[in-house]
2 protein chains.
Amino acid sequence: MGSMAAQTQPKQSEAKLLVVEDDANILELLSASLRFAGFDVSTATSGSAAVSAAKNTTPDLVVLDVMLPDLDGFEVIRLMREGGQRTPVVFLTARDGTDDKIRGLTLGGDDYVTKPFSLEELTARIRAVLRRTTQGDEEPSRLVFADLELDEETHEVYRAGQRVQLSPTEFKLLRYLMLNANRVLSKAQILDHVWKYDFRGDDNIVESYISYLRRKVDNVQPRLIHTLRGVGYVLRKPAV
Amino acid sequence: MGSMAAQTQPKQSEAKLLVVEDDANILELLSASLRFAGFDVSTATSGSAAVSAAKNTTPDLVVLDVMLPDLDGFEVIRLMREGGQRTPVVFLTARDGTDDKIRGLTLGGDDYVTKPFSLEELTARIRAVLRRTTQGDEEPSRLVFADLELDEETHEVYRAGQRVQLSPTEFKLLRYLMLNANRVLSKAQILDHVWKYDFRGDDNIVESYISYLRRKVDNVQPRLIHTLRGVGYVLRKPAV
DNA sequence: GAAAACTTTCAGGCAGCGTGCAGGCAAGGG
DNA sequence: CCCTTGCCTGCACGCTGCCTGAAAGTTTTC
């Protein structure tokens, strides 16, 4: 019969997140999708609200917009840490990389993502930070499906033991497919998760990247990337 | 005598739906058939009515036309969620994919269906979203009848253990037959459920697709798809 | 600041699919 | 037994969705 039990959720460890963001649209986008990804999400829309929320709910990680109406993100963190909390942070920043303060963040185990970002980018960073800071129960950084291997830390990809070079978008797409192996993904879903949220292009770009991936990663038997005409794509082992 | 108790309804969990649609014809079509499919349906014909209806009846899922006279669908959702409701949504949208806002709909477990749609398409999406968002009591995604198996998530179909490839319409038709196993379905009924509601064609297309299905899926003993001359078709195990 | 790598769009081509038609066959009634 | 009616299915046509090469546009690298 069919393969097997669950393949339940693309879920991650059920960690508690605090998401701090003043733009209502982006906040909604983030909380909806992070919740769906299996996190326990609470929210705040200002710096001061964030500080007290962090005190009460003791999140495992904070997703924090740098630009806030009252305090800026760095102030928020300073206050939290004065209060004794060492919660790791993933910052959301605007693209003006001139901001020196961002540098040096990765030293403390924190990280940042620049707006606009894709959800795959953000969740990958969140997972990576949690992996680093949650010592003990090693969340593995290596995804494996059939003879396909992808290492989230080193960004290395192997098919049938052979190293394959992927561009950033190709990598993100493949990771998304692997995290959702055996689940059919529509082009709309792929666009929503792998491309930046402000992308205004059409579905065809997904077709293009599927084509690139096939050439680089799926050019041997058995084929793993399958098209379901009118429905979407799926990563799976061929019929029994 | 006869087979047995019930085989009651093609019922899904008796979930409460709120259907929001301003076109009276379509609203009637939807509420009638969703009710028949076993849902507990309430309706609204404007955005503001929808918001307050949602507050009062706390539906398990909202079917929401994007184009409404007062607020648009996105505003409705925004207001509902500001009110603390996390109800999942299936949007009904026009086909002109140019609508930027469509992006991001698949993120929180929500989904959308483009007009014109078939009732099978819509109910399948509703079931899928409920399955995903109702954690806990796993509604199975696999329909089984005799040695026929159909997986709604992966779109895989097996007959007697053998994998069978179906086109989208073939798949929808088979799903409809399986959801209504042991119930006689007229060609008109099939046309109404499996084909888009604006289809203006001939009954003969149902005959054609039944023929395709027989060839692909019913070419072994015992035959499961039966013709009732002058009445319709039925999926059932041969006489005792 | 030039070159290389990467992303995005465009367009041609192809295969799978949906639909209508028509000839043939089977069932049922007179 | 023949005629009628309803159903089955092969065929053909046109359309849609998908794939991919190439070019244009953008970002990164050196």
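Quick caveat: nothing in here was measured; it's all calculated off a predicted structure. The chains referred to below are lettered A, B, ... by the order of the sequence lines, with proteins before strands, and numbering in each begins at 1.
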- For the helix from dG1(C)-dC30(D) to dG30(C)-dC1(D), measure the angle between the helix axis at one end and the axis at the other, each built from five pairs, rounding to 10°.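 End-to-end axis angle: 20°.
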
- Message: For the residue pair Lys115(A) and Tyr197(A), would you count it as a cation-pi contact if the rule is NZ or CZ under 6.0 angstrom from the ring centre and within 45 degrees of the ring axis?
- Response: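 Checked: cation-pi criterion not met.
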
May I have the distance from [X] (atom [atom1]) to [N] (atom [atom2]), rounded to whole angstrom?
X	N	atom1	atom2	value
Leu173(A)	dT8(C)	CG	P	12 Å
His155(A)	dC6(C)	NE2	P	13 Å
Glu170(A)	dT20(D)	CD	P	14 Å
Leu166(B)	dG18(C)	CG	C1'	15 Å

- Query: If you measure only the distance, is there a donor-acceptor pair under 3.5 Å linking the side chains of Glu28(A) and Asn25(A)?
  - Reply: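 Side chains of Glu28(A) and Asn25(A): no pair found under 3.5 Å.
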
- Listed in order of residue number, which residues of residues 209-224 of chain A have a non-hydrogen atom at under 4.0 Å from DNA chain D?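 When residues 209-224 of chain A is checked for heavy atoms under 4.0 Å from DNA chain D, the hits, listed by number, are Ser211(A), Tyr212(A), Arg214(A), Arg215(A).
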
- Residues in contact with DNA chain D, drawn from residues 184-207 of chain A - heavy-atom cutoff 4.0 Å: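 Lys187(A), Asn204(A), Glu207(A) - these, ordered by number, are the residues of the stretch whose heavy atoms sit under 4.0 Å from the strand.
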
- Short side-chain N/O contact to dG16(C) OP1/OP2 from Ser167(B), under 4.0 Å: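 No, Ser167(B) has no side-chain N/O under 4.0 Å of OP1/OP2 on dG16(C).
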
- Can you give one letter per nucleotide of nucleotides 25-30 of chain D, going 5' to 3': B for a protein heavy atom under 4.0 Å from the base, S for sugar-phosphate only, - for none? ------

- Message: Give me each pair satisfying ring pair (Phe, Tyr, Trp, His ring centres under 6.0 Å) with a member in residues 166-186 of chain A, each pair once, sequence neighbours excluded.
- Response: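 Pairs touching residues 166-186 of chain A that pass the test: His155(A)-Phe171(A), Tyr176(A)-His193(A).
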
- Item | Nearest-nucleotide 5' precedence on DNA chain D, Thr227(B) against Ser208(A) |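 Checking each residue's closest nucleotide, the 5'-ward one belongs to Thr227(B).
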
Collect all protein-nucleotide pairs involving nucleotides 24-30 of chain C in which both atoms are nitrogen or oxygen and the distance is under 3.5 Å.
none

- Arg183(A) backbone acceptor or donor facing Asn180(A) side chain under 3.5 Å: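 Here the side-chain-to-backbone pair does not exist.
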
- Give a yes or no answer on whether the side chain of Ser33(A) reaches the backbone of Leu29(A) with a donor-acceptor pair at less than 3.5 Å.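 Checking the backbone N and O of Leu29(A) against the side chain of Ser33(A), a donor-acceptor pair under 3.5 Å is found.
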
